[in-house]
A.B. asks: 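Quick one: this structure, given as structure tokens, is what I'll be asking you about.
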Amino acid sequence: MHTVVVGTSGVTASDVLAVARDGARIELSGEAVAALAAARGIVDALAAKPEPVYGVSTGFGALATRHISQELRAQLQRNIVRSHAAGMGPRVEREVVRALMFLRLKTVCSGHTGVRPEVAQTMADVLNAGITPVVHEYGSLGCSGDLAPLSHCALTLMGEGDAEGPDGTVRPAGELLAEHGIAPVELREKEGLALLNGTDGMLGMLVMALADLDMLYKSADITAALSLEALLGTDKVLAPELHAIRPHPGQGASAANMLAVLRGSELTGHHQDDAPRVQDAYSVRCAPQVAGAGRDTMAHARLVAERELASAVDNPVVLPDGRVESNGNFHGAPVAYVLDFLAIAVADLASIAERRTDRLLDKNRSHGLPPFLADDAGVDSGLMIAQYTQAALVSELKRLAVPASADSIPSSAMQEDHVSMGWSAARKLRTAVDNLTRVLAVELYAASRAVELREGLTPASATRAAITAVRKAGVEGPGPDRFLAPDLAAADVFVREGRLVEAVETVTGPLR
């Protein structure tokens with residue numbers, strides 16, 4: 001099994017995906033262990049002094065003015081975890097929780113938090129054992145970190161609360177730790193606070209969304225190309241020289257992908273046949289511009305994610321010169337903004353895909369295709385309601401595109417009077433990515449059928465490879481009764497698992 005080594009300088013997106021989705025094992029580097037010990041020495045020295053130091057010998061948030069005596073500090077650290085584990089609602093997905101814990105471990109190992117090496121090792125041990133804390137949907141405002149979600153994770157480290165074992169059964173965390181030979185941690189000065197103060201949940205969801213969208217944007221280029229073929233559109237608008245004079249990188253990449261998919265097609269360029277037209281509709285002709293803008297949005301979001309992956313987010317932090325300083329680096333605005341930006345791009349990509357699907361089903365705009373792509377229009381309704389489903393998904397995506405980060409609600413007796421709502425932005429982006437997958441699956445379903453109905457014309461080799469793979473996956477083709485109960489779920493799985501991209505790339509080579 002792949003092993004991810006955590007050092008002092010952050011982790012990569014591929015590390016996050018390996019741990020969150022593939023169950024990769026974690027090891028702490030010698031450098032990280034040494035940095036942890038050095039920072040802990042600084043915290044211990046400050047804890048021994050009579051002067052109060054925030055997070056070490058004081059209360060938290062609006063209660064930071066109270067100096068906590070030495071005999072109460074361990075209780076203070078336990079209590080902050082217990083009191084902050086106040087999440088509610090449905091359970092958060094296992095991969096999100098694993099990403100959340102791993103990214104908190106990344107910051108802990110930076111040597112800027114003052115956490116003891118044994119606490120960091122326990123975090124790695126819990127992840128390696130396949131133990132997943134029960135984390136709930138609601139409880140983070142995206143400022144002072146993803147507090148409630150991280151608190152539920154810290155409860156597990158203490159042997160409290162509930163967690164899911166490697167067999168998928170939810171049980172008391174203490175039982176699971178004991179079964180795997182993991183001793184619960186007994187938190188000391190600053191450690192409870194250090195386990196809670198980070199943007200780890202929203203960052204983990206951003207990293208996973210970017211990975212999913214990388215595949216979905218390639219899928220969207222493919223479905224757009226298939227729709228262009230089925231509508232007998234022209235591929236001349238995809239010429240590199242046209243996109244070179246408006247040099248947005250994403251636009252050029254999307255146009256190049258569509259052109260690669262359409263290479264050798266006999267269906268393109270029939271503008272002056274039975275139904276003459278000068279230009280294709282915007283949803284066809286401008287596909288690279290819309291998908292390309294989304295790709296460029298992803299590039300910006302990826303830059304933000306890379307910076308955050310290299311960051312140590314905590315408050316207060318231990319600096320190399322021995323100072324322990326309060327700061328505002330836990331504010332989630334940088335991550336929240338790009339999460340919302342991606343949701344806007346996703347909604348627009350789905351919207352243009354739905355418009356192409358609708359065009360394929362309308363006999364007045366489909367250039368010779370049967371109404372609703374039905375086998376016997378009137379006797380059956382073809383894909384009419386498949387487009388309804390797609391339209392419902394697009395409508396929800398537009399609602400999900402409303403930014404969470406434009407909102408703020410004060411908390412902690414007005415001490416935390418401006419928050420990012422980044423966790424909420426991340427949660428709605430996950431829903432948006434799911435819905436985009438379904439929208440593209442409907443376009444794939446309709447475009448595949450439409451291409452097959454163009455008898456006498458040979459589609460591109462890449463199109464044939466895609467349709468062959470679609471049919472092998474159980475998504476039915478033309479013929480009597482074969483579309484009366486469209487298997488959209490099979491098309492969804494086909495797109496979601498990346499099989500559409502894989503099938504096309506056997507012909508085109510790697511898409512951009």
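These figures come from a predicted structure and were not determined experimentally. Note: hydrogens, waters and symmetry copies are ignored here, and every other heavy atom, side chains too, is used.
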A.B. asks: Okay, side chain of S395, backbone of A391: is any donor-acceptor separation there less than 3.5 Å?
C.D. replies: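 No; judged by distance alone, with no hydrogens or angles, the pair does not exist.
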
A.B. asks: Closer than 3.5 angstrom, by distance alone: can the side chain of Y445 be matched with the main-chain N or O of D487 as a donor-acceptor pair?
C.D. replies: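 Side chain of Y445 to backbone of D487: a pair is present.
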
A.B. asks: For the residue pair T107 and D314, confirm or rule out a side-chain donor-acceptor distance under 3.5 Å.
C.D. replies: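 Side chains of T107 and D314: no pair found under 3.5 Å.
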
A.B. asks: For residues E396 and T431, determine if any side-chain heavy atom of one lies less than 4.5 Å from a side-chain heavy atom of the other.
C.D. replies: yes

A.B. asks: Passes salt bridge (Lys or Arg N to Asp or Glu O under 4.0 Å), K106 versus D200? Steps please.
C.D. replies: CA-CA 9 Å; K106 174 268 295 183; D200 309 294; 5.0 Å; no

A.B. asks: Within this structure, what is the CG-CD distance for the pair L103 and E308, rounded to the nearest 0.5 Å?
C.D. replies: 9.5 Å

A.B. asks: Has Q390 got a side-chain atom pairing as donor or acceptor with V439's backbone, closer than 3.5 angstrom?
C.D. replies: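 Pair found, side chain donor or acceptor close to backbone of V439.
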
A.B. asks: Can any side-chain N or O of K363 pair as donor or acceptor with the backbone N or O of P370 at less than 3.5 Å?
C.D. replies: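 Flag not set: sc K363 to bb P370 has no pair under 3.5 Å.
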
A.B. asks: Show, in sequence, the C-alpha distance, side-chain angles and deciding distance for M208 and R430, and conclude whether the side chain to side chain contact (heavy atoms under 4.5 Å, CB included) test is met.
C.D. replies: CA-CA 9 Å; M208 288 185 283; R430 280 182 71 83; 4.0 Å; yes

A.B. asks: Where the side chain of H152 meets the backbone of G87, is there a donor-acceptor pair that is under 3.5 Å apart?
C.D. replies: yes

A.B. asks: Any ion pair linking E229 and R454 (charged N to carboxylate O, less than 4.0 Å)?
C.D. replies: no

A.B. asks: Keeping the roles fixed (side chain from D162, backbone from V134), state whether a donor-acceptor pair exists under 3.5 Å.
C.D. replies: no

A.B. asks: Any heavy-atom pair between the side chains of L232 and T268 that's under 4.5 Å?
C.D. replies: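 Counting from C-beta outward, T268 and L232 never come under 4.5 Å.
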
A.B. asks: Has Q251 got a side-chain atom pairing as donor or acceptor with G292's backbone, closer than 3.5 angstrom?
C.D. replies: no

A.B. asks: Keeping D296 on the side-chain end and G250 on the backbone end, is there a donor-acceptor pair under 3.5 Å?
C.D. replies: yes

A.B. asks: Do NZ/NE/NH1/NH2 and the carboxylate oxygens of R471 and E452 come within less than 4.0 Å?
C.D. replies: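 Result for this pair is yes, salt bridge flagged.
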
A.B. asks: Any idea which heavy atoms bring A301 and L206 closest together, and the distance?
C.D. replies: O-CD2, 4.1 Å

A.B. asks: Would you tell me whether S311 and R307 have side-chain atoms, one donor and one acceptor, within less than 3.5 Å of each other?
C.D. replies: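 Looking only at side-chain atoms, R307 and S311 do not form any donor-acceptor pair under 3.5 Å.
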
A.B. asks: Determine the sole option in L369, L383, L226 for which the side-chain contact (heavy atoms from CB on, under 4.5 Å) test with L360 is passed.
C.D. replies: L369

A.B. asks: S144 and E416: side-chain donor and acceptor closer than 3.5 Å?
C.D. replies: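 S144 vs E416: donor-acceptor pair found between side chains.
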
A.B. asks: Please test L213 against L436 for side chain to side chain contact (heavy atoms under 4.5 Å, CB included), starting from the C-alpha separation and ending with a verdict.
C.D. replies: CA-CA 9 Å; L213 289 172; L436 172 62; 3.9 Å; yes

A.B. asks: Answer yes or no: does atom CZ of R263 have more than 12 heavy-atom neighbours from other residues, nucleotides or ligands under 6.0 Å?
C.D. replies: no

A.B. asks: Side-chain contact test, heavy atoms from C-beta onward, threshold under 4.5 Å: evaluate it for M215 versus L511 and give yes or no.
C.D. replies: no

A.B. asks: Under a 4.5 Å cut-off applied to non-hydrogen side-chain atoms, are M202 and S424 in contact?
C.D. replies: no

A.B. asks: What pairs meet the salt bridge (Lys or Arg N to Asp or Glu O under 4.0 Å) rule with one or both residues in residues 494-508, with sequence neighbours excluded?
C.D. replies: D434-R496, D492-R496, E497-R499

A.B. asks: Could you tell me if the side chain of L203 sits less than 4.5 Å from the side chain of V207, heavy atoms only?
C.D. replies: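 When only atoms from C-beta onward are counted, L203 and V207 do touch, with a gap below 4.5 Å.
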
A.B. asks: In plain terms, say whether D358 and R365 are close enough for a salt bridge, that is, a side-chain N and a carboxylate O under 4.0 Å apart.
C.D. replies: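 The answer is yes: the pair qualifies as a salt bridge.
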
A.B. asks: Could you state the interatomic distance from CD1 (I131) to CZ (R98), rounded to the nearest 0.5 Å?
C.D. replies: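 Reported to 0.5 Å precision, the distance equals 10.5 Å.
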
A.B. asks: With rounding to the nearest 0.5 Å, note down the distance linking CE in M205 to OG1 in T199.
C.D. replies: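 One finds 11.0 Å between CE of M205 and OG1 of T199.
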
A.B. asks: Compute the ring centroids of H418 and H331, then answer whether they are less than 6.0 Å apart.
C.D. replies: yes

A.B. asks: Drop me the distance from H84's NE2 to N197's CG, to the nearest 0.5 angstrom.
C.D. replies: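 Result: 8.5 Å between the selected atoms.
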
A.B. asks: Heavy atoms, side chains only, cut-off 4.5 Å: are V6 and F102 in contact?
C.D. replies: yes

A.B. asks: Verify, without hydrogens or angle tests, whether W423 (side chain) and G332 (backbone) share a donor-acceptor contact under 3.5 angstrom.
C.D. replies: no

A.B. asks: So S265 and T463, do their side chains get closer than 4.5 Å, heavy atoms only?
C.D. replies: no

A.B. asks: Nearest 0.5 Å, please: how far is CG in D15 from OG1 in T3?
C.D. replies: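 If I round to the nearest 0.5 Å, the distance is 11.0 Å.
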
A.B. asks: Taking the side chain from S381 and the backbone from A377, do they hold a donor-acceptor pair closer than 3.5 Å?
C.D. replies: no

A.B. asks: Evaluate Q387 against T357 for side chain to side chain donor-acceptor pair (under 3.5 Å), listing each step before the verdict.
C.D. replies: CA-CA 7 Å; Q387 186 269 331; T357 303; over 6 Å; no

A.B. asks: Side chains of L216 and V433, heavy atoms from C-beta outward: is any pair under 4.5 Å?
C.D. replies: yes

A.B. asks: Roughly how far, to the nearest 0.5 Å, is CZ of R359 from CG of D280?
C.D. replies: 8.5 Å

A.B. asks: Go through the steps to decide whether Q289 and H243 satisfy the test side chain to side chain contact (heavy atoms under 4.5 Å, CB included), and finish with yes or no.
C.D. replies: CA-CA 9 Å; Q289 284 76 12; H243 297 277; 3.6 Å; yes

A.B. asks: Restricting to pairs with a member in residues 204-223, which pass side-chain hydrogen bond (donor to acceptor under 3.5 Å, both in side chains), not counting sequence neighbours?
C.D. replies: R21-D212, D221-S254, D221-N257, D221-R295, T223-E443

A.B. asks: Hey, are S461 and R464 close enough side-chain-wise for a donor-acceptor pair under 3.5 Å?
C.D. replies: yes

A.B. asks: If you count the non-hydrogen atoms of other residues, nucleotides and ligands that lie under 6.0 Å from CZ in F341, is the total more than 12?
C.D. replies: no

A.B. asks: Around atom CD of E241, are there more than 12 heavy atoms from other residues, nucleotides or ligands closer than 6.0 Å?
C.D. replies: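 Atom CD in E241 is crowded, with more than 12 foreign heavy atoms closer than 6.0 Å.
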
A.B. asks: Just do the side chain to side chain contact (heavy atoms under 4.5 Å, CB included) check on S408 and M421 with the steps written out, would you?
C.D. replies: CA-CA 7 Å; S408 177; M421 302 308 296; 5.8 Å; no

A.B. asks: Minimum heavy-atom separation for V97 to C153, with atom names?
C.D. replies: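 Scanning both residues completely, I find the closest heavy atoms to be CG1-SG, 4.1 Å.
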
